[in-house]
Amino acid sequence: MKIKELEDCHLDHVAIVVESLDSACKIYEDMGISFLPEREIVEDQGVKTAFAPVDENANIELLEPYGEDGPIHKYLAKKGPGIHHLCFRVKDVKAKGKELSDKGYILLYPEPKEGAHNCLVNFIHPKSTGGVLIEISQKRGES
Ligand code: CMX
C-alpha cells in the first residue's frame with residue numbers, strides 16, 4: 001500500500017536542474033536509482049525531464065532547459081545546476097491552490113497549468129515560502 005495513500009498531500013518529487021539529462025542521470029544511477037527510459041518535453045514550461053522513482057510515492061525529476069525562454073533556462077544561466085523545487089501531490093490542485101492563496105501564499109498562476117507526467121500543476125512563489133519553490137500537482141482524472 002502506498003504511504004499516506006488516504007491523505008491529501010505527499011511528496012511527489014524533488015526537482016533538480018541540470019545541464020544535460022544524460023550526464024546527470026548517470027550520477028543518480030551510480031547511487032542505485034533507475035530512471036524511466038522516457039524523456040518528456042513540456043513545451044509550455046520550456047523543459048525536458050527525466051523521472052526516477054525513489055519509493056512508492058516520491059521521485060527524482062531532472063530538468064534540462066528546452067529552448068531559451070523558459071524559467072529553467074533562466075535559472076540555470078543565473079544560478080547553475082542544483083535543487084530547484086519540491087513537488088507535493090494533492091487530490092485537487094485548484095482547491096489546494098485556493099486554500100493556500102487564502103492563507104496568503106503567492107501562487108504563480110491564476111489557474112493550474114499542464115505539467116509533466118499528465119498532471120495539472122501550480123507553483124507557490126519562493127518569496128512566500130521561505131525561499132523554496134513549491135509545486136502542487138494533481139494527476140489528471142484523479143479529482
Ligand atoms: N528556488 C528558490 N528561489 C528561486 C527559484 C527557485 N527555484 N527560482 C527563482 N528564485 C528566486 C530568485 O533567487 C530571486 O530571488 P531574489 O529576488 O532574492 O534574487 C527570485 O526568486 C526571482 O527570481 P528570478 O530569477 O527573477 O526569476 P523569476 O521571478 O523570473 O522566476 C519563478 C522565478 C519561481 C517565478 C520561475 O522560476 C518559475 O516560473 N518557476 C515555475 C516553473 C517551473 O519551475 N517549471 C518547471 C516545471 C517542471 C515540472 O513540471 O516539474
Side-chain angles (χ1 to χ4, degrees), residues 2-5 7-29 31-143:
K2 290 202 163 193
I3 306 160
K4 298 183 79 181
E5 192 167 40
E7 294 183 34
D8 181 34
C9 181
H10 66 252
L11 181 66
D12 181 79
H13 62 261
V14 175
I16 300 164
V17 170
V18 304
E19 278 167 4
S20 149
L21 290 183
D22 289 340
S23 343
C25 281
K26 182 170 180 325
I27 298 168
Y28 296 90
E29 283 169 353
M31 307 291 153
I33 302 282
S34 297
F35 280 83
L36 304 176
E38 301 80 29
R39 302 287 181 259
E40 185 176 355
I41 291 169
V42 187
E43 292 206 27
D44 198 38
Q45 297 282 343
V47 78
K48 188 170 166 190
T49 70
F51 221 57
V54 175
D55 61 26
E56 288 184 72
N57 286 290
N59 302 273
I60 298 283
E61 179 185 56
L62 302 181
L63 303 173
E64 180 189 291
Y66 180 75
E68 299 193 348
D69 293 330
I72 301 307
H73 180 268
K74 183 175 179 186
Y75 185 93
L76 187 61
K78 199 168 158 184
K79 300 199 177 199
I83 292 181
H84 183 258
H85 67 262
L86 298 181
C87 175
F88 295 108
R89 172 71 61 84
V90 297
K91 288 201 176 102
D92 182 337
V93 68
K94 191 167 177 165
K96 192 69 172 182
K98 175 160 186 343
E99 179 193 321
L100 292 169
S101 171
D102 288 348
K103 287 180 178 169
Y105 294 95
I106 303 163
L107 296 193
L108 285 193
Y109 313 133
E111 293 292 329
K113 286 191 177 185
E114 189 165 332
H117 324 294
N118 197 29
C119 289
L120 284 174
V121 305
N122 208 334
F123 289 85
I124 307 162
H125 199 283
K127 292 278 179 210
S128 65
T129 58
V132 178
L133 178 62
I134 294 178
E135 179 179 16
I136 49 174
S137 166
Q138 169 193 342
K139 201 83 175 163
R140 275 221 161 98
E142 274 190 359
S143 171

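For ligands, and for the atoms within them, numbers begin at 1 and follow the listed sequence. Residue numbers run from 1 in the order of the sequence given. Computed from a predicted structure; not experimentally measured.
The aromatic rings of Tyr28 and Phe35 sit perpendicular to each other, their planes meeting at more than 60°, with 30° as the lower class boundary.
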Show the numbers, then the answer: is there a salt bridge (charged side-chain N to carboxylate O under 4.0 Å, His left out) between Glu40 and Lys48? CA-CA 6 Å; Glu40 185 176 355; Lys48 188 170 166 190; over 6 Å; no
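Scanning all protein heavy atoms for the shortest distance to atom 50 (O) of ligand 1 gives Glu135 OE2, 3.3 Å. Scanning the protein for heavy atoms near atom 13 (O) of ligand 1, the closest one is Lys79 NZ, 2.6 Å. The nearest protein atom to atom 29 (O) of ligand 1, hydrogens excluded, is given as His125 NE2, 4.2 Å; this is a heavy-atom distance. For atom 44 (O) of ligand 1, the closest non-hydrogen atom on the protein side is His84 CE1, 3.0 Å. Annotation: atom 48 (C) of ligand 1 to nearest protein heavy atom, Leu63 CD2, 3.8 Å. At the shortest separation from atom 41 (C) of ligand 1 among protein heavy atoms lies Leu108 CD1, 3.6 Å. Of all protein heavy atoms, the one closest to atom 27 (O) of ligand 1 is Lys74 NZ, 3.6 Å. In terms of protein heavy atoms, atom 37 (O) of ligand 1 is closest to Pro71 CB, 3.5 Å.
Atom 2 (C) of ligand 1 is flagged as protein-proximal [any protein heavy atom, distance under 4.0 Å]. Not a single protein heavy atom sits closer than 4.0 Å to atom 32 (C) of ligand 1. The nearest protein heavy atom to atom 8 (N) of ligand 1 is closer than 4.0 Å.
Contact between Cys25 and Leu62 at its shortest, heavy atoms only, is N-CD1, 3.7 Å. In terms of heavy-atom proximity, Gln45 sits nearest to Pro71 at O-CD, 3.6 Å. The shortest heavy-atom contact between Leu76 and Pro81 is CD1-N, 3.5 Å.
Ion pairing between Asp102 and Lys98 holds under the 4.0 Å rule for side-chain N and carboxylate O.
Under a 4.0 angstrom heavy-atom cut-off, Gly131 registers as being in contact with ligand 1. Ligand 1 does not have Val42 within reach: every non-hydrogen atom of the residue lies 4.0 Å or more from it. Val121 does not count as a contact of ligand 1, since none of its heavy atoms falls under 4.0 Å from the ligand.
Listed by chain and number, the residues in a salt bridge (Lys or Arg N to Asp or Glu O under 4.0 Å) with Lys103 are Glu99 (sequence neighbours excluded). Partners of Ser20 by side-chain contact (heavy atoms from CB on, under 4.5 Å), not counting sequence neighbours, listed by chain and number: Asp22, Ser23, Glu64.
A distance of 11.0 Å separates CG in Leu107 from CD1 in Ile134, rounded to the nearest 0.5 Å.
Heavy-atom proximity to His13, at under 4.0 Å, picks out these atoms of ligand 1: 51 (O). Remark: ligand 1 atoms within the under-4.0 Å shell around heavy atoms of His85 are 51 (O). Proximity to Leu133 (heavy-atom distance under 4.0 Å) selects the following atoms of ligand 1: 1 (N), 6 (C), 7 (N), 34 (C), 40 (N), 44 (O).
Considering only non-hydrogen atoms, atom 17 (O) of ligand 1 lies nearest to Lys127 out of Lys127, His117, Gln45.
Backbone and side-chain nitrogen or oxygen atoms of Glu61 are examined, and one is located within less than 3.5 angstrom of a nitrogen or oxygen of ligand 1. Here's the thing with Tyr109: none of its N/O atoms is less than 3.5 angstrom from an N/O atom of ligand 1. At under 3.5 Å, not a single nitrogen or oxygen of Tyr75, backbone or side chain, sits near a nitrogen or oxygen of ligand 1.
Residue-level proximity to ligand 1 for Thr49 is absent, since no heavy atom of it falls below 4.0 angstrom.
Donor-acceptor pairing under 3.5 Å is recorded for the side chains of Glu135 and His13.
The main-chain N or O of Glu61 is never found under 3.5 Å from a side-chain atom of Asn59 such that the two would form a donor-acceptor pair.
Between Ile27 and Glu29, every side-chain heavy-atom pair lies at or beyond the 4.5 Å cut-off.
Checked against the 6.0 Å centroid criterion, the rings of His10 and Phe88 do not qualify as a close aromatic pair.
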